[in-house]
Each structure stands twice: as structure tokens, then as C-alpha cells.
Amino acid sequence: KTGKTVHSTFIKFPGLLKELGLGAFEAQKLAIKLEVDTNPPKGWGTARTTVNKTYIFNVTHFDLPSLFATKLHACFFRKYTKGRDFYDLVWYLGKKVRPNLALLNNAIEQTEGKGLVITDATLKSFMLEKLAGVDFAGVVKDVRRFVADERELELLNNGTISGLISNLL
């Protein structure tokens, strides 16, 4: 699909799951959705990771601070609430990753048309203010079908995430 700024496609591998011992049936497919932003905001950093599983290969990807910045942008500026964004937010906060503020500010400028300038000094208040408007009942409803242990859903509330934000910053 190329009609928008983000181009996407699915790559499907029929039979691969069974061949690797990860699936019981030949008809099961591994499907990978690949998305490419043809106009990404400036300021991102990259890292290189060697994957050594069934095959060995290198992957160049956004570094954790840049990934966290894009996750914050998704959490607080997406036009709808996607619970999985907040599930991921808990992970980043738990790992004490510091977001790439240049990328976050550029993403906000690009999508919102206004230049918020989030700094180390204002990041905490920005996040707590935005968090206050989140519908956590909807977040939990969206995530419930993806978690194996429903106790994880207890983390998806304003109090827990606010506490993680306070501990990070």
C-alpha cells in the first residue's frame, strides 16, 4: 500500500512455522507486516543488532531512545487510543529508557503543526498531563486479548504509569 506517507506490505511465509517447529500445521503462515515511513521526522538515532537464532543476520534499527520517542508520540498524539502503545510505554518506563527528545519534538511538529518544545525539565509534566486524558478502561480492553497473564493488565492504569514516570524522571 503506497497511498499514504507510511507504505506497508505483508510478507507471508507459508509452512515456515511448521518447518521451524513453532507450529503444528503446514497451513499456518508466518506473516510479517513491514511499514516504511517515507517522511520520518528528523533526529532519530540507530543501533545495529546481530540476530543469532536459526539464522545469523544484522538488523539496523532505531535505537531505544528513538523508539521510545516514537512510542510517546503514538501514546499521546495518535487520533485514537491503542492499548498496546501503553503496554509498550510501561516496558520503556520499566527499563528506564530516556526518550530522544529531538525526535519527539520533531514528530509533534510534523503531525500537530505546532512546536511544543519538550525538554528534560518539562518531560515529566508533559507526560503526566497527557496521561490524565487517557481512557484506561479502553486501554485494558484493547490489550486483554494479547496477554497470556491477565495480571499484567493491572499495570495499565494512571497510578502505576504515573509512578513509573516519576521514578524515571
Side-chain angles (χ1 to χ4, degrees), residues 1-11 31-53 56-136 138-143 146-147 152-153 155-169:
K1 295 180 183 178
T2 59
K4 298 180 179 180
T5 303
V6 177
H7 297 189
S8 66
T9 190
F10 277 97
I11 303 170
I32 298 172
K33 184 176 184 180
L34 180 65
E35 295 183 326
V36 177
D37 186 342
T38 62
N39 186 25
K42 306 241 183 293
W44 42 271
T46 61
R48 189 174 169 127
T49 301
T50 300
V51 178
N52 188 0
K53 300 290 181 187
I56 300 173
F57 55 95
N58 289 317
V59 177
T60 302
H61 52 84
F62 273 12
D63 57 20
L64 281 179
S66 297
L67 287 168
F68 188 23
T70 60
K71 186 54 64 178
L72 286 172
H73 184 261
C75 285
F76 300 132
F77 294 97
R78 192 186 296 272
K79 300 300 181 213
Y80 58 93
T81 301
K82 191 172 183 180
R84 290 167 281 172
D85 288 334
F86 290 90
Y87 185 90
D88 293 345
L89 176 63
V90 169
W91 184 89
Y92 283 105
L93 291 169
K95 294 287 186 184
K96 299 188 183 289
V97 175
R98 300 287 301 189
N100 176 337
L101 295 180
L103 177 58
L104 177 58
N105 286 316
N106 289 335
I108 294 167
E109 171 75 30
Q110 186 180 57
T111 61
E112 304 305 306
K114 55 186 171 191
L116 287 179
V117 180
I118 300 167
T119 65
D120 283 329
T122 62
L123 179 60
K124 179 179 177 180
S125 61
F126 162 78
M127 290 176 70
L128 292 174
E129 179 183 311
K130 288 291 193 178
L131 199 62
V134 174
D135 169 22
F136 280 101
V139 167
V140 168
K141 182 179 178 187
D142 183 50
V143 171
F146 297 105
V147 297
E152 292 182 60
L153 299 174
L155 299 171
L156 300 173
N157 62 71
N158 191 309
T160 299
I161 296 175
S162 294
L164 288 168
I165 291 168
S166 295
N167 287 337
L168 173 68
L169 311 169

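Using a 4.5 Å heavy-atom threshold, the side chains of Leu128 and Lys124 count as touching. Annotation: side chain of Val6 is not in contact with side chain of Thr38 (no heavy-atom distance under 4.5 Å). Side-chain contact check for Ile161 versus Val90: some heavy-atom pair is nearer than 4.5 Å. Here the side chains of Asn167 and Lys96 are in contact, with some heavy-atom distance below 4.5 Å. In this structure, the side chains of Leu103 and Pro99 stay at 4.5 Å or more apart for every pair of heavy atoms. At least one side-chain heavy atom of Leu123 sits less than 4.5 Å from a side-chain heavy atom of Leu101.
One finds the CD atom of Glu35 at 10.5 Å from the OG1 atom of Thr9 (value rounded to the nearest 0.5 Å). The CG atom of Asp88 sits 9.0 Å away from the CZ atom of Arg84 when rounded to the nearest 0.5 Å. Here the straight-line distance linking atom NZ of Lys95 with atom CZ of Phe68 works out to 13.5 Å at 0.5 Å rounding. Going from atom OH of Tyr87 over to atom SG of Cys75 covers 14.0 Å, rounded to the nearest 0.5 Å. Annotation: the span from Thr70 atom OG1 to Leu104 atom CG amounts to 9.5 Å, rounded to 0.5 Å. The distance from the NZ atom of Lys141 to the CG atom of Asp135 is 9.5 Å, given to the nearest 0.5 Å.
Because its NZ or CZ atom is both nearer than 6.0 Å to the ring centre of Tyr80 and within 45° of the ring axis, Arg78 counts as a cation-pi partner of that residue.
Using bins of under 30°, 30° to 60° and over 60° for the plane-to-plane angle, the ring pair Trp44/Phe62 lands in the parallel bin.
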Stepwise side chain to side chain contact (heavy atoms under 4.5 Å, CB included) test for Ile108 and Ile118
CA-CA 10 Å; Ile108 294 167; Ile118 300 167; 3.6 Å; yes
Stepwise, does the side chain to side chain contact (heavy atoms under 4.5 Å, CB included) test hold for Leu131 with Phe86?
CA-CA 10 Å; Leu131 199 62; Phe86 290 90; 4.2 Å; yes
Stepwise side chain to side chain contact (heavy atoms under 4.5 Å, CB included) test for Val139 and Val134:
CA-CA 8 Å; Val139 167; Val134 174; 3.9 Å; yes
As a quick check of understanding, evaluate side chain to side chain contact (heavy atoms under 4.5 Å, CB included) for Phe77 and Leu116, giving each step before the final call.
CA-CA 12 Å; Phe77 294 97; Leu116 287 179; 4.0 Å; yes
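The backbone N or O of Leu156 sits nowhere less than 3.5 Å from a side-chain atom of Thr160 that would complete a donor-acceptor pair. With hydrogens and angles ignored, the 3.5 Å screen pairs a side-chain donor or acceptor of Gln110 with a backbone N or O of Asn39.
Remark: the Thr50 side chain and the Asn58 side chain contain an N/O donor-acceptor pair separated by less than 3.5 Å. In summary, the side chains of Thr122 and Thr119 do present a donor paired with an acceptor at a separation below 3.5 Å, with no hydrogens or angles considered. Residues His61 and Thr46 have side chains that never bring a donor and an acceptor to within less than 3.5 angstrom of each other.
Counting heavy-atom neighbours within 6.0 Å of Glu129 CD, excluding the residue itself, gives a total of 12 or less.
Pairing each heavy atom of Ala74 with each of Asp85, the nearest pair is CB-OD2, 3.6 Å. Residues Ser66 and Asn100 come closest through the heavy atom pair OG-ND2, 3.1 Å. Smallest separation of non-hydrogen atoms from Asp142 and Gly83: OD2-N, 2.7 Å. Closest approach of Asn106 and Lys42 over heavy atoms only: ND2-O, 2.7 Å.
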